[in-house]
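Please read all numbers here as calculations on a predicted model, not as lab measurements.
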Amino acid sequence: MAHARLEIYDTTLRDGAQQEGISLTVSDKLRIASLLDQLGVAYIEGGWPGANPKDSEFFKRARSELNLGTSTLTAFSSTRRPRGVVDGDLQMLNVLEADTEVVCIVGKAWDYHVREALRTDLEDGIAMVADSVAYLVRHGRRVFFDAEHFFDGYAANPEFSLAVLRAALEEGAERLVLCDTNGGRLVTQVTDTVLQVQDALPEAELGVHFHNDAGCAVASSLAAAALGVRQVQGCINGYGERTGNADLSTILPDLVLKMGVPVLDPARLETLSPIAHHIAEIVNISLDPHSPYVGTSAFTHKAGLHTSALARRPDAYEHQNPALVGNRTRMVVSELSGKATILSKAKDLGVELSDHQAIEVLDEIKHMEHRGYHFEAADGSFELMLRRATGWTHDYFELESFRVFTERRGGEATLAEATVKLTIRGERIITTGEGNGPVNALDHALRGALILHFPELAVLRLTNYRVRVLDATESTAATVRVFIEMSDGVSAWGSIGVHTNVIEASWEALEDGIVLGLLRAGA
């Protein structure tokens, strides 16, 4: 049975930051710590003081800049050095200087690592742990002990691994954290080991720390929680070295919503998705849209059968109410959609559509997707399709023609130039635009023609442009799909174009994007 006072220990700022591609500034770390405190985790591991100037500065600034309301900041370090003395040990001095209430120290719990990595004997390996815990307790710190490589070490030499835990416990460590440092243990192996440690040390408050190399980190964390461990460690969004750490973005809602363990109150759990995405922006790595609970696709439905059922019963194809984790249900449009999806999307957009019109739209989508269109992300083009189905047409402008050419003279940079001829409110307008590429030039020319009549256009920005070749076997004659994303600073929308000519496909997507922008701006 899960521990009634189970606590969550977040190590995103230390273990998570070891992920390839992540490089956090001190300001980044302070912002993330504030978000984790807002989420409500019990402990935030800030880093390893003394390991690098950044972590030392973080703890110094944290004292004056972090105002944690729910979380306790902890510092991380290792035990004293092999065959050394704890008094005067630089790592001990650095972690004391961090001035945190709680210190988490790591020590070897696998005899193989003591002999081969530390190159000392097993007695000294145990003494390193005992000396370090006792020293920190004497200096008024609460101590958590991370038993590194515990599961592998226990499988090889359980007597030594348990002796390491006993040494930490007897000297005053409040938590004994069993670590699967290599991440290779399966759930059944974890369960067996935790049960044996509980039998051997019934008075100990255990914790667990899993890496995801075998894909079992979340499942192992939940299994250990069900066995009654006191602490679960992990990282938001599963960040971490190699394949990452146990993903707290999944563990937290599983504990609260599935297992009934109140590690967060409901109001804080509702901030999970926005906080997960906010932290992803800070670390500058896009959050996997298919991440459980917090991904943008976590509650997204595409099949017509699903969306039809969801229109009547929201729980028909969703295992949980997405609002409980700050997410939402989405229905994307494709050739797999049904009439219910079209009607639901039309209602959301304020477009009155009959059943017959919805069926016509659905048929059009199926034919267009067969030609290479893809409306899941092109919500702007889809909205215009819905409006056209009701008989609506825009009268912002009428295209007479456009022309694009590129020129390179000698070693000079290539210049692109576009000319568009439009009729706007009865007036024939010809404008030319230059750009670093043909689509950029075409965008400038179109905006130049429209801006005098539609000043609303000034706030529209082209924020994304992508081209995909749909049939590479056709080589340079292949059909291409162009996706454009635009934003007015408040919302964003996508538009799409498909053609064998990339400029024509780009114009189609560009026109849809600007038309929808003008429509939403009330032009």
Asker: Before giving the answer on side-chain contact (heavy atoms from CB on, under 4.5 Å), spell out for I285 and I22 the whole-Å C-alpha distance, their side-chain angles and the decisive distance to 0.1 Å.
Answerer: CA-CA 8 Å; I285 295 178; I22 293 181; 3.5 Å; yes
Asker: Tell me whether D488 is salt-bridged to R461, with the criterion being a basic N under 4.0 Å from an acidic carboxylate O.
Answerer: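 Salt bridge absent between D488 and R461.
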Asker: Are the side chains of V41 and Y9 in touch, meaning some heavy atoms are under 4.5 Å apart?
Answerer: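 No; the side chains remain at least 4.5 Å from each other.
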Asker: Can you list everything that forms a salt bridge (charged side-chain N to carboxylate O under 4.0 Å, His left out) with E65? Sequence neighbours excluded, please.
Answerer: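 Counting only residues at least two positions away or on another chain, E65 forms a salt bridge (charged side-chain N to carboxylate O under 4.0 Å, His left out) with R61.
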Asker: Answer yes or no: is there a side-chain heavy-atom contact under 4.5 Å between Y43 and D10?
Answerer: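 With C-beta onward as the side chain, the pair stays apart.
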Asker: Hey, are the side chains of V218 and S221 touching, using non-hydrogen atoms and a 4.5 Å cut-off?
Answerer: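 A side-chain contact under 4.5 Å is absent here.
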Asker: Kindly give the heavy-atom pair with the smallest separation between V190 and S220, and that separation in Å.
Answerer: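 That closest heavy-atom pairing would be CG2-OG, 3.8 Å.
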Asker: Is it true that a side-chain atom of Q19 and a backbone atom of G240 form a donor plus acceptor pair closer than 3.5 Å?
Answerer: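 Pair found, side chain donor or acceptor close to backbone of G240.
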Asker: Relative to each other, are the rings of Y396 and H394 parallel, tilted or perpendicular (30° and 60° limits)?
Answerer: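 Rings of Y396 and H394: parallel, under 30°.
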Asker: So how far is it from D247 CG to Y239 OH, rounded to the nearest 0.5 Å?
Answerer: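 If I round to the nearest 0.5 Å, the distance is 9.0 Å.
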Asker: Is the shortest heavy-atom distance from the side chain of L13 to the side chain of L24 under 4.5 Å?
Answerer: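 In short, these two side chains touch, coming nearer than 4.5 Å.
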Asker: Between the side chain of D55 and the main-chain N/O of W48, is any donor-acceptor distance below 3.5 Å?
Answerer: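 Yes: the side chain of D55 pairs with the backbone of W48.
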Asker: Does atom CZ (R242) have a neighbourhood of more than 12 heavy atoms from anything else shown, all under 6.0 Å?
Answerer: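 Yes, the 6.0 Å shell around CZ holds more than 12 heavy atoms from other groups.
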Asker: I'd like a table of donor-acceptor pairs (distance under 3.5 Å, sequence neighbours excluded) in which one partner is a side-chain atom from residues 380-387, with atom names and distances.
Answerer:
from: S381; atom 1: OG; to: I496; atom 2: N; distance (Å): 3.0
from: S381; atom 1: OG; to: D512; atom 2: OD2; distance (Å): 2.9
from: E383; atom 1: OE1; to: R520; atom 2: NH2; distance (Å): 2.9
from: E383; atom 1: OE2; to: R387; atom 2: NE; distance (Å): 3.1
from: E383; atom 1: OE2; to: R387; atom 2: NH2; distance (Å): 2.9

Asker: Going from NE2 on H209 to OG1 on T181, what distance comes out if it is rounded to the nearest 0.5 angstrom?
Answerer: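 With rounding to 0.5 Å, NE2 (H209) is 6.5 Å from OG1 (T181).
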Asker: Could you walk me through whether K421 and F402 pass side-chain contact (heavy atoms from CB on, under 4.5 Å), step by step?
Answerer: CA-CA 6 Å; K421 298 179 181 179; F402 66 76; over 6 Å; no
Asker: Would you please test D180 and R185 for salt bridge (charged side-chain N to carboxylate O under 4.0 Å, His left out) and show each step?
Answerer: CA-CA 7 Å; D180 184 21; R185 292 283 143 178; 5.1 Å; no
Asker: Apply side chain to side chain donor-acceptor pair (under 3.5 Å) to residues S487 and T463 and explain how you reach the verdict.
Answerer: CA-CA 7 Å; S487 173; T463 59; 5.8 Å; no
Asker: S71 and G40: which non-hydrogen atoms are nearest, and at how many Å?
Answerer: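 Heavy-atom minimum between the residues: OG-C, 4.4 Å.
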Asker: Can a donor-acceptor pair be found, under 3.5 Å and without considering hydrogens, that links the side chain of S249 to the backbone of N237?
Answerer: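 Pair found, side chain donor or acceptor close to backbone of N237.
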Asker: Given side chains that start at C-beta, do those of T500 and V480 come closer than 4.5 Å, heavy atoms only?
Answerer: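 No - every pair of side-chain heavy atoms lies 4.5 Å or more apart.
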Asker: E398 and T423: side-chain donor and acceptor closer than 3.5 Å?
Answerer: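 Absent: no donor and acceptor within the cut-off.
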Asker: Would you say the side-chain atoms of D443 pair up with the backbone N or O of N440, donor to acceptor, closer than 3.5 Å?
Answerer: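 Checked: no pair found.
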Asker: Determine whether more than 12 heavy atoms belonging to other residues, nucleotides or ligands lie under 6.0 Å from atom NZ of K347.
Answerer: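 No, NZ of K347 has 12 or fewer neighbouring heavy atoms, counting only those of other groups under 6.0 Å.
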Asker: Does W493 reach the main-chain N or O of G513 with its side chain, forming a donor-acceptor pair under 3.5 Å?
Answerer: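 Yes, because the side chain of W493 sits within donor-acceptor range (under 3.5 Å) of the backbone of G513.
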Asker: Hey, does the side chain of N182 reach the backbone of G184 with a donor-acceptor pair shorter than 3.5 angstrom?
Answerer: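 Absent.
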Asker: Step by step, work out the side chain to side chain donor-acceptor pair (under 3.5 Å) result for D37 and S34.
Answerer: CA-CA 5 Å; D37 179 58; S34 294; over 6 Å; no
Asker: State, with a plain yes or no, whether a side-chain heavy atom of T250 is found less than 4.5 Å away from one of L248.
Answerer: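 No, too far: nothing below the 4.5 Å cut-off.
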Asker: Just verifying a value: how many Å separate H211 NE2 and E241 CD, rounded to the nearest 0.5 Å?
Answerer: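 Rounded to the nearest 0.5 Å, the NE2-CD separation comes out at 7.5 Å.
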Asker: Identify the heavy atoms of A441 and G435 that sit nearest to each other, and give their distance.
Answerer: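 What the structure gives for the nearest pair is CB-N, 3.6 Å.
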Asker: Show the nearest heavy-atom pair for residues P438 and V404, with the distance to one decimal.
Answerer: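 Closest pair (atom of P438, atom of V404, distance): CB-CG1, 3.4 Å.
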Asker: Considering only distance and modelled atom types, tabulate donor-acceptor pairs under 3.5 Å from the side chains of residues 273-283, sequence neighbours left out.
Answerer:
from: S273; atom 1: OG; to: V325; atom 2: O; distance (Å): 2.7
from: H277; atom 1: NE2; to: V294; atom 2: O; distance (Å): 2.7

Asker: Quick one: does R481's side chain have a donor or acceptor within less than 3.5 Å of a partner on G497's backbone?
Answerer: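 No, R481 side chain to G497 backbone: no donor-acceptor pair under 3.5 Å.
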Asker: Please determine, by modelled atom types, if H3 and Q231 share a side-chain donor-acceptor pair under 3.5 angstrom.
Answerer: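 No, because no side-chain N or O of H3 sits under 3.5 Å from a partner of the opposite role on Q231.
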Asker: CG of L264 to CG of L269: how many Å apart, nearest 0.5 Å?
Answerer: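 L264 atom CG to L269 atom CG measures 6.0 Å (nearest 0.5 Å).
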Asker: Scan side-chain atoms only and decide if D254 and Y293 contain a donor-acceptor pair under the 3.5 Å cut-off.
Answerer: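 Yes, because at least one side-chain N or O of D254 sits under 3.5 Å from a partner of the opposite role on Y293.
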Asker: If we ignore angles and hydrogens, is there a donor and acceptor under 3.5 Å between the side chains of H499 and E504?
Answerer: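 Distance-only check fails for H499 and E504.
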Asker: Checking S506 against Y465: is there a side-chain donor and acceptor pair closer than 3.5 Å?
Answerer: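 Yes, a side-chain donor-acceptor pair sits under 3.5 Å.
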Asker: Would you please test T70 and L39 for side-chain contact (heavy atoms from CB on, under 4.5 Å) and show each step?
Answerer: CA-CA 9 Å; T70 58; L39 181 61; over 6 Å; no
Asker: Just verifying a value: how many Å separate L518 CG and L460 CG, rounded to the nearest 0.5 Å?
Answerer: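 L518 atom CG to L460 atom CG measures 6.5 Å (nearest 0.5 Å).
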Asker: List the steps, then state whether side-chain contact (heavy atoms from CB on, under 4.5 Å) holds for V482 with R468.
Answerer: CA-CA 7 Å; V482 171; R468 179 182 174 186; over 6 Å; no
Asker: Mind checking whether L272 and P253 have side chains closer than 4.5 Å, heavy atoms only?
Answerer: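 L272 vs P253: side chains touch.
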Asker: Can you check whether C235's main-chain N or O pairs, donor with acceptor, with T11's side chain at less than 3.5 Å?
Answerer: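 No: the side chain of T11 does not pair with the backbone of C235.
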Asker: Using every non-hydrogen atom in the two residues, find where A42 and E7 come nearest and quote the distance to one decimal.
Answerer: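 A42 and E7 have their closest heavy atoms at CB-CB, 3.9 Å.
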Asker: Hey, could you give me the OG1/CZ distance between T74 and R14, rounded to the nearest 0.5 Å?
Answerer: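 These two atoms lie 9.0 Å from each other.
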Asker: Do V208 and F210 make a side-chain contact, defined as non-hydrogen atoms from C-beta onward lying under 4.5 Å apart?
Answerer: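 Of all side-chain heavy-atom pairs linking F210 with V208, at least one is under 4.5 Å.
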Asker: Mind listing the closest non-hydrogen atom pair of V498 and E508 along with its distance?
Answerer: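 Scanning both residues, the minimum pair turns out to be N-OE1, 3.3 Å.
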Asker: I'd like to know if the side chain of D379 and the backbone of G494 have a donor-acceptor N/O pair within less than 3.5 Å.
Answerer: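 Judged by distance alone, yes, a pair lies under 3.5 Å.
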